[in-house]
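Notes to accompany the following structure.
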Amino acid sequence: MSSMFNKILIANRGEIAIRIMRACRELGIETVAVYSSIDKNALHLRFADEAVYIGESEPQKSYLNIDNIIAAAHQTGAQAIHPGYGFLSENSLFAERCLQENIAFIGPNPEALRLVGDKIVSREIVAQYNIPVIPGMENKTTSIDECIAFAEKYGYPLILKTSAGGGGKGMRIIRSKAEAKSAIEAGMREAQTTFGDPSVYLEKYLEQPRHVEIQILADNSGNAVHLYERECSIQRRHQKIIEESPSVILDSDLRRRMGETALKVAAISGYSNAGTVEFLVDSDNNFYFLEVNARLQVEHPVTELVTGIDLVHAQLRIAAGEKLWLNQENIRQNGHAIECRIYAEDPARNFLPSAGKILFMQEPGGPGIRHDCGVITGSEISVYYDPILSKLISWAPDRETCCKRIATALNDFPILGIRTNIEYLRDIITHPEFSKGNINTGFIDRYMADWQPKSESAVIDRAVIAAGLYGGLNDARKMNTAGSPEIPSPWEMLGDWRIGSRK
Ligand code: ADP
């Protein structure tokens, strides 16, 4: 059964759908895109051989609508479904349903998915195999008294989590007895409304740890390799925004131990396909298992650039039944890669999602630059889905050059019509502490709390680029001398083309 699929349905949208479609094309596989009402002109449809409408814009009615997605696969004769990340990617019911319908699910087997899907259960399981976990409650609970009793016995600070979680949602830090009861009550209420389940659990809160994760690949016969680490400590509200590989804190011994531990987790859970074992590393370089992400990660490109292994190709080959063709000894880390997540949001207004039309954008390029992008000039950004527009990734032989490359690319990346976090990301990358590799999950609170856009000059620079492209270089040159009364300002020239017009 190890013959490759002829046709695959991609149950996702945006940059990741396009990323997967490109991989399929390279392997000569036909692709089926799916789309919701608001996505009828979305860029990902142009990369597929066929496109099927699957429902209204609300995710529940389209990209999370299992029946409609399965029907689209049958209708087009797709033999497999790639779920991307988010949406149905870690839904074991969906994986099971695909199996029942005789459609290959490009991801882990449903049993492994179920096992690692609950981070509290998986934490208890791996702890039985002597894998270090952060000290915490053994079970989740709906009893406030039980939480208080644990807190009193264990001490503060603690972090409250829900089992479902994801994207850092539902987590609360509890620093003292005085705030414990109200925080636990609020956490339970929030868990109930967000996930339909009020149970929570508490674990020790590590102060400013690093988030380091290991990429694994496992076939259906129990063979597995790891593709080393990704450092994902630059987080805003517990959500990653910049990732890199290698991590500057790992020496060869720690790297080897973390890689072996990740493979042990894969073996314990009977894992198959691509996955990520996440760890927190404390200031003494002790590492603790956090959870398994049973899918292709947003940040997978940094691993691809450093190891030279295409993770989507690997996922497809494994799902098609191929035995693992990689040997651990032959997998090497070469150079350095950094990824920035480009979001449609306004960092100057508390990261409010920014909807609207992209009036103009020009993708950066140059040596060592990769841009996995889901939008184009003219794309409409809605509020229905994750605000990720694209991922900008740089590769260079060393970290310093890699930082310079991505900073240059961030500077050369005009997007007009909506607000983005590009300038914010550039200011993190060029921060002296980031340059030194002095990062942990507290970085943003510590160094970026007072951030303000250096608006006018940056705004005008970008307007000049845009006007240069649209109005001719002479106009752009004229606008460079802004301030002279005879020469129209960029705003006059550009009319409605305000950068990040606030719609
Ligand atoms: P989610 O599933 O919502 O992404 P995770 O459990 O993977 O949540 O944690 C996300 C991030 O939250 C981590 O990378 C880390 O920054 C922070 N975090 C989680 N648990 C702890 C902890 N015990 N101590 C300190 N920070 C934590």
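All values below were derived from every heavy atom in this structure, side-chain atoms included, with hydrogens, water molecules and symmetry-related copies excluded. Residue indices begin at 1 and follow the sequence shown. In each ligand, atom 1 is the first atom listed, and ligand 1 is the first ligand listed.
Across every non-hydrogen atom of Gly335 and Pro246, the tightest pair is O-CD, 3.4 Å. Between Ala112 and Pro108, the shortest heavy-atom contact is CB-CB, 4.4 Å.
Ligand 1 has at least one atom lying under 4.0 Å from a heavy atom of Lys119.
Within the 4.0 Å heavy-atom criterion, the part of Glu291 lying near ligand 1 is the side chain and not the backbone. Counting heavy atoms under 4.0 Å from ligand 1, residue Gln235 touches it through the side chain alone. Contact annotation for Glu207 and ligand 1: no heavy atom of the residue comes within less than 4.0 Å of the ligand. When non-hydrogen atoms are compared, ligand 1 lies under 4.0 Å from the side chain of Ile134 (C-beta onward) but not from its backbone.
Between Phe413 and His371, the ring centre distance stays below 6.0 Å. Taking the ring centroids of His82 and Phe105, they lie at or beyond the 6.0 Å cut-off.
The Glu203 neighbourhood of ligand 1 comprises atoms 20 (N), 21 (C), 22 (C), 23 (N), with distances under 4.0 Å to a heavy atom of that residue. Close approach of ligand 1 to His238 (heavy-atom distance below 4.0 Å) involves ligand atoms 10 (C), 11 (C), 12 (O), 17 (C). Residue-ligand proximity, Thr441 to ligand 1, at heavy-atom distances under 4.0 Å covers atoms 16 (O). Residue Lys161 approaches ligand 1 through these ligand atoms, each under 4.0 Å from one of its heavy atoms: 6 (O), 19 (C), 20 (N). Within ligand 1, the atoms closer than 4.0 Å to a non-hydrogen atom of Glu278 are 7 (O), numbered from 1 in the order shown.
Of the N and O atoms on the side chains of Tyr343 and Asp386, not one donor lies less than 3.5 Å from an acceptor on the other residue.
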Determine, step by step, whether Tyr156 and Tyr205 satisfy the ring-ring contact (aromatic ring centres under 6.0 Å, His included) criterion, reporting the C-alpha distance in whole Å, the side-chain angles of both residues, the deciding distance to 0.1 Å, and the verdict.
CA-CA 8 Å; Tyr156 302 91; Tyr205 179 67; over 10 Å; no

Please lay out, stage by stage, how Asp197 and Ser199 fare under the test side chain to side chain donor-acceptor pair (under 3.5 Å).
CA-CA 6 Å; Asp197 171 6; Ser199 46; 2.7 Å; yes

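No N or O atom of Leu280 sits closer than 3.5 Å to an N or O atom of ligand 1. Taking any N or O of Tyr205, backbone or side chain, none lies under 3.5 Å from an N or O belonging to ligand 1.
For the pair Arg236 and Phe351, the cation sits on the ring face: its NZ or CZ lies under 6.0 Å from the ring centre, inside 45° of the axis.
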